[in-house]
Peer 1: 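What follows is a single structure, and I will ask about it in a moment.
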Amino acid sequence: MADRITIEQLLNLADRAEDGPLTAAEAGRLREGIHALQAHRTILSSKLGQKARRLIRVEPELRAIRRLVTRSRQRGDTQVPLWQLEALIDDDINLEAA
């Protein structure tokens with residue numbers, strides 16, 4: 001595919017198909033666009049699945065941190081010791097990436 005097919009171009013081809021048969025080049029262009037959209041959709045679906053699995057994995061740690069912060073605030077604390085946070089999370093969880 002020399003250049004990227006836009007949604008506008010795909011819709012234009014669909015409109016043309018309503019008026020009559022498409023040329024072989026137009027049908028090929030429509031097929032290319034559909035395949036490109038499907039490939040993009042597959043990639044997005046995979047990424048979404050990865051993010052969902054990661055969220056499920058880190059969610060218990062986040063709940064524990066929220067409980068710690070809530071209890072600390074209720075006691076009037078202005079800081080939470082790092083050792084308490086470290087005790088709540090697994091070694092393989094990186095808070096910066098969460």
Peer 1: Can you measure from CG (Asn12) to CG (Leu30) and round to the nearest 0.5 angstrom?
Peer 2: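 It comes to 10.5 Å.
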
Peer 1: Determine yes or no for a side-chain-to-main-chain donor-acceptor pair under 3.5 angstrom, with Thr42 supplying the side chain and Gln38 the backbone.
Peer 2: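 Present.
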
Peer 1: Can you tell me how far CZ of Arg31 sits from CD1 of Ile5, rounded to the nearest 0.5 angstrom?
Peer 2: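 So the CD1 of Ile5 and the CZ of Arg31 are separated by 11.5 Å.
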
Peer 1: To the nearest 0.5 angstrom, please state how far the CD atom of Glu59 sits from the CZ atom of Arg54.
Peer 2: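 Nearest 0.5 Å value for the CD-CZ distance: 13.5 Å.
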
Peer 1: Look at the side-chain heavy atoms of Ile, Leu, Val, Met, Phe, Trp and Tyr, link any pair under 4.5 Å apart, and say whether Leu44 and Ile7 land in one connected group.
Peer 2: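 No, no single cluster joins them.
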
Peer 1: Test of understanding: with salt bridge (Lys or Arg N to Asp or Glu O under 4.0 Å), list the residues that count as partners of Arg53, not counting sequence neighbours.
Peer 2: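 Here no residue qualifies.
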
Peer 1: Do Arg29 and Glu26 have side chains that approach each other closer than 4.5 Å (heavy atoms only, starting at C-beta)?
Peer 2: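 Contact flag for Arg29/Glu26 side chains = no.
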
Peer 1: If you measure from OG on Ser45 to CD on Gln50, what distance do you get to the nearest 0.5 Å?
Peer 2: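 Separation between the atoms: 10.0 Å.
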
Peer 1: Do Leu88 and Glu61 make a side-chain contact, defined as non-hydrogen atoms from C-beta onward lying under 4.5 Å apart?
Peer 2: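 No. Closest side-chain heavy atoms not under 4.5 Å.
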
Peer 1: Verify the neighbour count for atom CZ of Arg63: are there more than 12 heavy atoms of other residues, nucleotides or ligands below 6.0 Å?
Peer 2: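 Buried by this count: over 12 neighbours within 6.0 Å.
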
Peer 1: How long is the straight-line distance from CG of Asp15 back to CD of Glu8, given to the nearest 0.5 Å?
Peer 2: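 That separation rounds to 10.5 Å.
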
Peer 1: Testing the basics here: between Gln9 and Thr6, what is the closest heavy-atom pair and its distance to 0.1 Å?
Peer 2: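 Minimum heavy-atom separation between Gln9 and Thr6: OE1-N, 2.9 Å.
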
Peer 1: Just how far is it from atom OG1 of Thr78 to atom CZ of Arg73, taken to the nearest 0.5 Å?
Peer 2: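 Reported to 0.5 Å precision, the distance equals 11.0 Å.
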
Peer 1: Might you confirm whether atom CZ of Arg75 has over 12 heavy atoms from other residues, nucleotides or ligands at distances under 6.0 Å?
Peer 2: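 Counting other residues, nucleotides and ligands, CZ of Arg75 exceeds 12 neighbours.
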
Peer 1: Mind listing the closest non-hydrogen atom pair of Leu10 and Leu37 along with its distance?
Peer 2: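 Shortest heavy-atom separation between Leu10 and Leu37 comes out as CD1-CD1, 3.5 Å.
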
Peer 1: To check you understand the geometry: which heavy-atom pair defines the closest contact between Ser72 and Val80, and what is its length?
Peer 2: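 Reported closest heavy-atom pair: OG-CG2, 3.8 Å.
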
Peer 1: Treating Ile, Leu, Val, Met, Phe, Trp and Tyr as nodes and any side-chain heavy-atom pair under 4.5 angstrom as an edge, say whether Ile65 and Leu55 lie in one connected cluster.
Peer 2: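 Per the 4.5 Å side-chain linkage, Ile65 and Leu55 are not co-clustered.
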
